[in-house]
**Q** 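Once you've had a glance at the structure underneath, I'll fire off some questions.
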Amino acid sequence: MEVNAVVWFRKGLRIHDNPALDRARRGATKVLYPIFVLDPRYLERDRDAFSPGSARAGLGRIQFLLESLTDLDKSLRRLGSRLVVLRGGDPAEVLVRVLKEWNVGKLCYESDTEPYGQARDARVEVFASAAGIEVFSPVSHTLFDPADIIRKNGGKPPLTYQSFVKLAGRPLPPIGQQFSALPPVGDLGEWEDVGVPTIQELGYGDVEFSPFRGGESEALKRMDEYLSDKEKVATFEKPKGDPSAFLKPATTVLSPYLKFGCLSSRLFYHRIQEIYVKAKKLTSPPVSLLGQLLWREFFYTVAFGTPNFDRMRGNEICKQIPWKDDDQLLASWRDGRTGFPWIDAIMVQLRQWGWMHHLARHSVACFLTRGDLFVHWEKGRDVFERLLIDSDWAINNGNWLWLSCSSFFYQYHRIYSPITFGKKYDPTGKFIRHFLPVLKDMPKEYIYEPWTAPLSVQKKAKCIIGTDYPKPVVSHEVANKQCRQKMGEAYALNSGGPSQVNDEKLVELRRKFDQEESTAADQGPKLKQKRLTT
DNA sequence: GTCAGCGTTGAATAG
DNA sequence: TCTATTCAACGCTGA
């Protein structure tokens, strides 16, 4: 018996290595509806947000998504099909309605391990199985099935990278089937194919600048280009990359394509592997290029197996720390006006590009949390989640847990200096001058600490500190010492495990910190002033 | 229970 | 300019 099939795209915006699409087209498929449902949660304009975009996503990532959808539609058209774009509210509800109205017998979609996706898909699956619809929901966003790894580890996710790598083994190869045509798209009935909207149709203004174009075609091109230098691929060492390189980034910048599934992680893995077998010299995980893909898997696995992974409270693997609730400090960080050019330039790059080098992310995340400002990692996470075009729930939360020394990494005495860390890669401050043009004429001697420049120098550079560019919001020298002290006390509070730390204890320690801060502020101005004028 | 060894990516200093 | 060593030091793992 021939059936009507639906392939539901969410992530996995690609034709290659797409098991859901492959299953949907095969067998007795009469008509095939490739659909994408515009999710109002993701796309509807939010005027109150701190940057243009929706409640969840900044404009850059929305634009990247639309470009990816347009590219997918083009590819489907080459195969005699097209992408049917639907709107009509909640995606799970839309799905249930079209399954009924189109008399669908087979539903295929890529498995999604994020909590939002799990809840959404569960609702669709409940309906589908009650209605006798065949559901195929393969794991193809990641190399491994997180549930599988957790089973192998005795029901708990591995909490160290090394133990994860031991459990993981080798991933399956990408599916190799080629096809030149897809079954026709069926009658839509009452539904309208609204097509891939433009950014203006969604109610937004133009995107001023986007250095990375979305879509599978662009992803494959970018991957091929990067992989053409085989020696560079084989000897890739992540910690040696230059976070200040922006004309030609030090890494692949394939993360946004992996995030949306424009690029299959399995294809990328196996293309790297092909280079490895012929290479003379080779780096290994965790620092190798393949090792980077395994980091992605590691965070997907822990995120899937940890309740409340994206929160401090109720998160079993997260140190309970009384972070400071200071919206002004947060805003200065978010808007790139902390007065530390290295930090601010990175935050401007985030705003403009939606992407920064991994170590640049480390620098600003450390600065916001345990390094200098002691602001809650969840606040920084929210800013990254919104502005990054590669923003990925598991990886973003995992890295904020890591950088804030809340989980995975605990050496809180190792703090990135907002002054010397960038300087060691970019002593003349090219990166700062590019993203903070107000400082473009500041002599290199002062570019990382412009508040130390004599007034005559500031005048000559046409940049008066405190007027044209802010004074530093804290003294790093003082702040990083205070942060270490606080982290020590917070860790002591956690000695019995995070679950033993109740609200009361947390509030009590926060009060103590507040008191110490106000005492320091009374004595502080002298110290601060001295520093600001030396 | 104890303790050495270890952990993708620190800073400052010495050579 | 680049590399190696020192400093101070965390929690987790496994013998």
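Order of the sequence lines sets the chain letters (A, B, ...), proteins ahead of strands, with each chain counted from 1. Quick note: numbers below take in every heavy atom, side chains included, and nothing from hydrogens, waters or symmetry partners.
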**Q** Please work out if A:His413 contacts a base, only the sugar-phosphate, or nothing of the nucleic acid, heavy-atom cut-off 4.0 Å.
**A**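 Sugar-phosphate only.
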**Q** Could you state the atom-to-atom distance from CG of A:Leu290 to C1' of B:dT8 in whole Å?
**A**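 Those two atoms, CG and C1', are 14 Å apart.
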**Q** What about A:Phe340 and A:Trp333, are their ring centers closer than 6.0 Å?
**A**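 Not close enough - the centres of the two rings lie 6.0 Å or further apart.
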**Q** Quick one: are the ring centres of A:Phe408 and A:Phe298 less than 6.0 Å apart?
**A**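 A:Phe408 vs A:Phe298: aromatic centres under 6.0 Å.
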**Q** Given the rule that a pair is Watson-Crick or G-U wobble with both distances under 3.5 Å, how would you write DNA chain C in dot-bracket, using | for pairs to a different strand?
**A** .||||||..||||||
**Q** Could you check how far CH2 of A:Trp342 sits from C1' of B:dG10, rounded to whole Å?
**A**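 Going from A:Trp342 (CH2) to B:dG10 (C1'), I get 14 Å.
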**Q** Can you tell me if A:Trp342 and A:Ser363 form a side-chain donor-acceptor pair at under 3.5 Å?
**A**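 The criterion, which ignores hydrogens and geometry beyond distance, is satisfied for A:Ser363 and A:Trp342.
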**Q** Side chain of A:Pro286 only, heavy atoms from C-beta on: which candidate in B:dA11, B:dT8, C:dA9 is closest?
**A**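 Within the option list, the nearest is B:dT8.
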**Q** Under a 3.5 Å cutoff, is there a donor and acceptor pairing between the side chains of A:Ser140 and A:Arg266?
**A**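 No donor-acceptor contact under 3.5 Å links the two side chains.
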**Q** Compare the minimum distances between each of B:dG10, B:dA11, C:dC10 and the side chain of A:Arg414, then state the nucleotide with the smallest one.
**A**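 Closest nucleotide among those given: B:dG10.
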**Q** Using the benzene-type ring in the case of Trp, are the ring centres of A:Tyr425 and A:Phe431 under 6.0 Å apart?
**A**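 Not close enough - the centres of the two rings lie 6.0 Å or further apart.
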**Q** Is the phosphate of B:dA12, meaning OP1 or OP2, less than 4.0 Å from a side-chain N or O of A:Thr420?
**A**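 For B:dA12, OP1 or OP2 has a side-chain N or O of A:Thr420 closer than 4.0 Å.
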**Q** With a non-hydrogen cut-off below 4.0 angstrom, is A:Leu359 in contact with a base, only sugar-phosphate, or nothing?
**A**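 Base, at least one base atom sits under 4.0 Å.
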**Q** Is the ring centre of A:Tyr161 under 5.5 Å from the base ring centre of B:dT8, and are the two planes under 30° apart, so that they stack?
**A**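 So A:Tyr161 does not count as stacking on the base.
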**Q** Determine, for A:Phe50 and A:Arg334, whether the Lys NZ or Arg CZ falls below 6.0 Å from the six-membered ring centre while staying within 45 degrees of the axis.
**A**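 That pair qualifies as a cation-pi contact.
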**Q** Please tell me if A:Lys240 has a side-chain N or O lying less than 4.0 Å from either OP1 or OP2 of B:dT9.
**A**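 So the side chain of A:Lys240 is outside the cut-off, no N or O lying under 4.0 Å from OP1 or OP2 of B:dT9.
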